[in-house]
Amino acid sequence: MDFIIRGALQAVKALYNTELNESDINLQETRKEFEGEATIVTFPLTRYSKKSPEQTGNEIGEYIKENFDQVGGFNVIKGFLNLSFTDSYLLSTFRNEIQNEQFGIFPSVGKKVMVEYSSPNTNKPLHLGHIRNNLLGYSVSEILAASGYDVVKANLVNDRGIHICKSMLAWQKFGKGETPESSGLKGDHLVGKYYVIFDKEYKKQIEELKASGETEEDAKKNAPLIKEAQQMLQKWEAGDEEVINLWKTMNGWVYAGFDITYNKLGVSFDKYYYESNTYLLGKDIIDEGLAKGVFVKKDDNSVWIDLTADGLDEKLVLRGDGTSVYITQDLGTAQLKYNDFKMDQSIYVVGNEQDYHFKVLFLILDKLGKAWAKGMYHLSYGMVDLPSGKMKSREGTVVDADDLIEEMVDTARKRTEELGKVEGFSEEEKKNLYRMIGLGALKYFLLKVEPKKRLLFDPNESIDFQGNTGPFIQYTHARICSVISKGGETDHSFDKIQDLSATERELILALSRYPATVEAAAKEYSPAQIANYSYDLAKLYNKFYHEEPILKAEDEDVRNFRLSLSASTATVIRKSMNLLGIEVPERM
RNA sequence: GCACCCAUAGCUCAGCUGGAUAGAGCAACGGUUUUCUAAACCGUCGGUCACUGGUUCGAAUCCAGUUGGGUGUACCA
């Protein structure tokens with residue numbers, strides 16, 4: 001469709017003797033209620049034509065129609081010039097572009113990008129918020145890979161710290177040697193159970209201390225359990241063998257549990273970083289910053305950066321006692337990642353409560369003169385809220401990832417059985433189908449919303465399987481596969497086709513938009529754009545399916561053409577759903 | 001207090017760099033199957049795009065302010 005812009009530029013030059021840039025031409029898709037496919041808005045051009053918008057539209061329309069045989073006609077309504085493509089142009093687009101093996105496949109851009117996502121704490125199982133994170137990270141990775149980037153998917157595991165010690169301590173005190181094997185509990189759930197127990201017992205102690213006259217603040221500090229946890233952390237940092245062994249054991253349980261969940265979600269990683277290895281990093285960067293005068297040392301030896309000139313605050317980057325804070329290790333880890341991969345871009349998929357942190361992090365790296373800091377991006381996403389408000393692990397008001405996945409698959413099974421759609425399926429095929437549909441519904445539900453918007457999830461209302469949903473799109477794919485398999489062997493040649501129906505035209509246009517959609521989604525790190533595109537395409541196909549006979553078409557070429565159109569639609573649906581990490585079945 | 005994000009139909013969401021009468025799905029109501037999968041299709045109903053002002057030929061979109069909601073502002077991570 002690029003030729004339209006060229007055509008408009010040529011027209012303006014020929015008619016009004018003015019050289020314009022591509023960005024001066026306002027091109028959009030023609031709205032459904034008007035005739036045509038492409039619309040040029042002529043209001044801005046009247047200052048060059050010195051004529052009314054209508055007259056300008058007519059003149060440019062006439063010029064384009066005369067000089068570009070892709071355009072068969074036009075109409076002008078107010079300041080809108082609507083151009084209609086010829087059927088032969090659309091057919092050649094279909095044949096030469098859409099049916100091409102390389103359609104929607106981008107050549108390598110020769111750039112490497114790291115996408116860090118998931119980054120869980122190893123003291124509790126994953127919940128719905130993590131699912132959103134994982135799906136976003138995975139999908140963005142796929143979209144970037146499809147756009148020609150070399151993608152490294154990274155997971156920075158938060159495997160140390162006081163919160164981990166809390167679970168360890170509670171297990172030591174109350175666990176009676178319970179293991180995943182002895183209890184039958186998934187490892188991450190078992191550890192999470194002790195994290196909750198710690199919190200319960202800790203709160204008890206706080207209440208007791210308050211009853212004996214301490215203030216809440218003191219009680220929180222003085223409760224024996226928290227002190228023990230702190231001691232345990234110190235022992236861990238000192239390399240105490242017993243603590244380290246316990247830590248290794250319990251983290252091992254958690255990793256085994258996470259692997260199962262990741263597997264079910266279909267996400268994966270190329271590189272794992274562990275905070276236990278990175279938490280001491282960053283001190284050399286502090287020295288570097290001091291030497292460069294970017295950081296300043298205060299009297300108590302703490303190190304700061306003054307960001308007030310950038311509208312931010314003064315920020316501590318190293319404690320007075322020389323130990324790290326969060327941002328210290330993040331600075332160090334950023335450098336480590338860069339040393340490891342020399343990537344051009346680095347994307348952090350992290351919730352929006354850390355917006356400020358990343359703003360500061362990137363700014364500091366930039367001030368330190370790290371050229372690669374320019375390629376850093378925080379893909380910030382909104383929290384997943386319940387109708388009751390925020391999810392809180394410690395209070396058990398979380399939607400557990402494993403539970404939710406299981407429920408979704410189970411709902412898929414029920415729905416499918418109600419519809420009686422699985423005759424001829426083996427048990428194995430059924431299981432796989434329910435998994436695909438359940439996860440498809442869940443993934444689509446989470447990914448169709450723009451990342452930065454917060455998301456409301458009501459556990460009492462099951463995620464839909466009809467309308468703008470994953471299963472709808474999956475169904476469309478299965479439906480196409482069914483038609484094609486019934487179509488039997490065919491050479492799919494349709495040389496005699498010359499005329500297209502309105503819906504066929506729309507479908508070709510929709511298909512032709514796929515590459516640009518992938519590009520836009522990559523540019524904005526937005527799986528939602530892919531989701532919306534897939535839905536529009538599926539909807540359009542269903543309309544086509546109802547309106548036009550395919551196998552029953554009387555003419556051989558028409559039948560072949562419609563089959564080809566169907567096949568291409570199925571391919572594009574499959575590709576775009578795969579970009580969301582969603583599989584599509586051939587039967588459902 | 002200050003900073004950042006959000007506000008579109010009863011509900012969940014689209015709406016590209018400003019462009020035509022703001023679009024989908026769900027819910028509600030009605031229709032479509034002797035015909036390729038009805039998880040579908042077609043139709044009806046539903047809106048002061050939070051509010052006010054500004055810029056513009058033109059604003060849901062840009063700017064300022066107001067209201068409401070969220071998050072952050074720790075020598076926590």
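Any value given below was found using the heavy atoms of this structure, including those in side chains, with hydrogens, waters and symmetry copies removed. Source: prediction; values computed, not measured. Here is how names work: the chains are called A, B, and so on, in the same order as the sequence lines, proteins then strands, and each is numbered from 1.
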How would you label the contact of [X] with the nucleic acid (heavy atoms, under 4.0 Å): base, sugar-phosphate, or nothing?
| X | value |
| --- | --- |
| A:Thr39 | base |
| A:Tyr356 | sugar-phosphate |
| A:Glu29 | nothing |
| A:Asn158 | sugar-phosphate |
| A:Glu548 | base |
| A:Pro53 | nothing |
| A:Gln329 | sugar-phosphate |
| A:Phe43 | base |
| A:Lys539 | sugar-phosphate |
| A:Gly320 | base |
| A:Leu540 | nothing |
| A:Asp24 | nothing |

Ignoring the backbone of [X], work out which of [options] is nearest its side chain.
| X | options | value |
| --- | --- | --- |
| A:Pro44 | B:G72, B:G19, B:A40 | B:G19 |
| A:Ser302 | B:G25, B:A40, B:C75 | B:C75 |
| A:Tyr535 | B:A24, B:U37, B:C26 | B:A24 |
| A:Met588 | B:G19, B:C4, B:A39 | B:A39 |
| A:Lys543 | B:U21, B:C41, B:A77 | B:C41 |
| A:Leu551 | B:A77, B:C36, B:C16 | B:C36 |
| A:Asn532 | B:G19, B:A14, B:C36 | B:A14 |
| A:Val325 | B:G19, B:A77, B:U73 | B:A77 |
| A:Ile550 | B:C57, B:C36, B:A20 | B:C36 |
| A:Lys486 | B:A77, B:A39, B:C36 | B:C36 |

Is the shortest distance from a Lys or Arg side-chain nitrogen in [X] or [Y] to a carboxylate oxygen in the other one below 4.0 Å?
| X | Y | answer |
| --- | --- | --- |
| A:Lys78 | A:Glu54 | no |
| A:Arg559 | A:Asp555 | no |
| A:Glu314 | A:Lys298 | yes |

Donor-acceptor pair between [X] and [Y] side chains, under 3.5 angstrom:
| X | Y | result |
| --- | --- | --- |
| A:Asn133 | A:Tyr381 | yes |
| A:Gln466 | A:Thr469 | no |
| A:Asn301 | A:Arg319 | no |

Taking for each residue the nucleotide of RNA chain B bearing the nearest heavy atom, is the 5' side occupied by A:Thr469 or by A:Ile162?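 Its nucleotide being nearer the 5' end, the pick is A:Thr469.
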
With nearest nucleotides of RNA chain B determined for A:Glu275 and A:Gly311 from heavy-atom distances, which residue corresponds to the more 5′ nucleotide? A:Gly311

Contacts of A:Lys220 meeting salt bridge (charged side-chain N to carboxylate O under 4.0 Å, His left out) (sequence neighbours excluded), chain-then-number -> A:Glu216

Residues within residues 430-455 of chain A bordering RNA chain B, heavy-atom distance below 4.0 Å: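 Heavy-atom cutoff 4.0 Å gives A:Ile437, A:Val449, A:Glu450, A:Lys452, A:Lys453, A:Arg454, A:Leu455.
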
What residues from residues 473-483 of chain A pass a heavy-atom cutoff of under 4.0 Å to RNA chain B?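 A:Tyr475, A:Ala478, A:Arg479, A:Ser482, A:Val483 - these, ordered by number, are the residues of the stretch whose heavy atoms sit under 4.0 Å from the strand.
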
Sorted by chain and number, sequence neighbours left out, side chain to side chain contact (heavy atoms under 4.5 Å, CB included) with A:Arg413 holds for A:Asp410, A:Glu417, A:Tyr434

Distance, [atom1] atom - from [M] to [N], rounded to whole angstrom:
| N | M | atom1 | result |
| --- | --- | --- | --- |
| B:A50 | B:U8 | C1' | 10 Å |
| B:C63 | B:U56 | P | 16 Å |
| B:C45 | B:G30 | P | 15 Å |
| B:C13 | B:U17 | C1' | 23 Å |
| B:A20 | B:U37 | C1' | 39 Å |
| B:U21 | B:A59 | P | 11 Å |

Taking donor-acceptor contacts at under 3.5 Å, does the side chain of [X] reach the base of [N]?
| X | N | answer |
| --- | --- | --- |
| A:Asp355 | B:G72 | no |
| A:Asn542 | B:A39 | no |
| A:Thr416 | B:A39 | yes |

State yes or no: are the ring centers of [X] and [Y] separated by less than 6.0 Å?
| X | Y | answer |
| --- | --- | --- |
| A:Tyr195 | A:Phe198 | no |
| A:Tyr535 | A:Phe472 | yes |
| A:Trp247 | A:Tyr274 | no |

Report yes or no: does A:Asp159 contribute a side-chain atom to a donor-acceptor pair with the main-chain N or O of A:Glu275 at less than 3.5 Å? yes

Which base sits across from [N] as a Watson-Crick or G-U pair, both distances under 3.5 Å?
| N | answer |
| --- | --- |
| B:G30 | B:C42 |
| B:A20 | none |
| B:U52 | B:A64 |
| B:G1 | B:U73 |

It should be established whether [X] places a side-chain nitrogen or oxygen under 4.0 Å from OP1 or OP2 of nucleotide [N].
| X | N | value |
| --- | --- | --- |
| A:Arg31 | B:G23 | yes |
| A:Lys414 | B:A39 | no |
| A:Arg319 | B:A77 | yes |
| A:Lys359 | B:G72 | no |

May I have the distance from A:Lys32 (atom NZ) to B:G23 (atom P), rounded to whole angstrom? 9 Å

Please, which pairs that meet salt bridge (Lys or Arg N to Asp or Glu O under 4.0 Å) have at least one residue in residues 435-460 of chain A, sequence neighbours excluded? A:Asp385-A:Arg454, A:Arg435-A:Glu583

Compare the ring of A:Phe34 with the six-membered ring in the base of B:A20 and state whether they stack (centres under 5.5 Å, planes under 30°). yes

If you look only at distance, which donor and acceptor atoms sit under 3.5 Å apart when one is on a side chain in residues 354-363 of chain A and the other is two or more places apart or in another chain?
{"from": "A:Gln354", "atom 1": "OE1", "to": "A:Tyr326", "atom 2": "OH", "distance (Å)": "2.7"}
{"from": "A:Asp355", "atom 1": "OD1", "to": "A:Ser380", "atom 2": "OG", "distance (Å)": "2.8"}
{"from": "A:Tyr356", "atom 1": "OH", "to": "A:Asp313", "atom 2": "N", "distance (Å)": "3.2"}
{"from": "A:Tyr356", "atom 1": "OH", "to": "A:Asp313", "atom 2": "OD2", "distance (Å)": "3.1"}
{"from": "A:His357", "atom 1": "NE2", "to": "A:Asp330", "atom 2": "OD2", "distance (Å)": "2.8"}

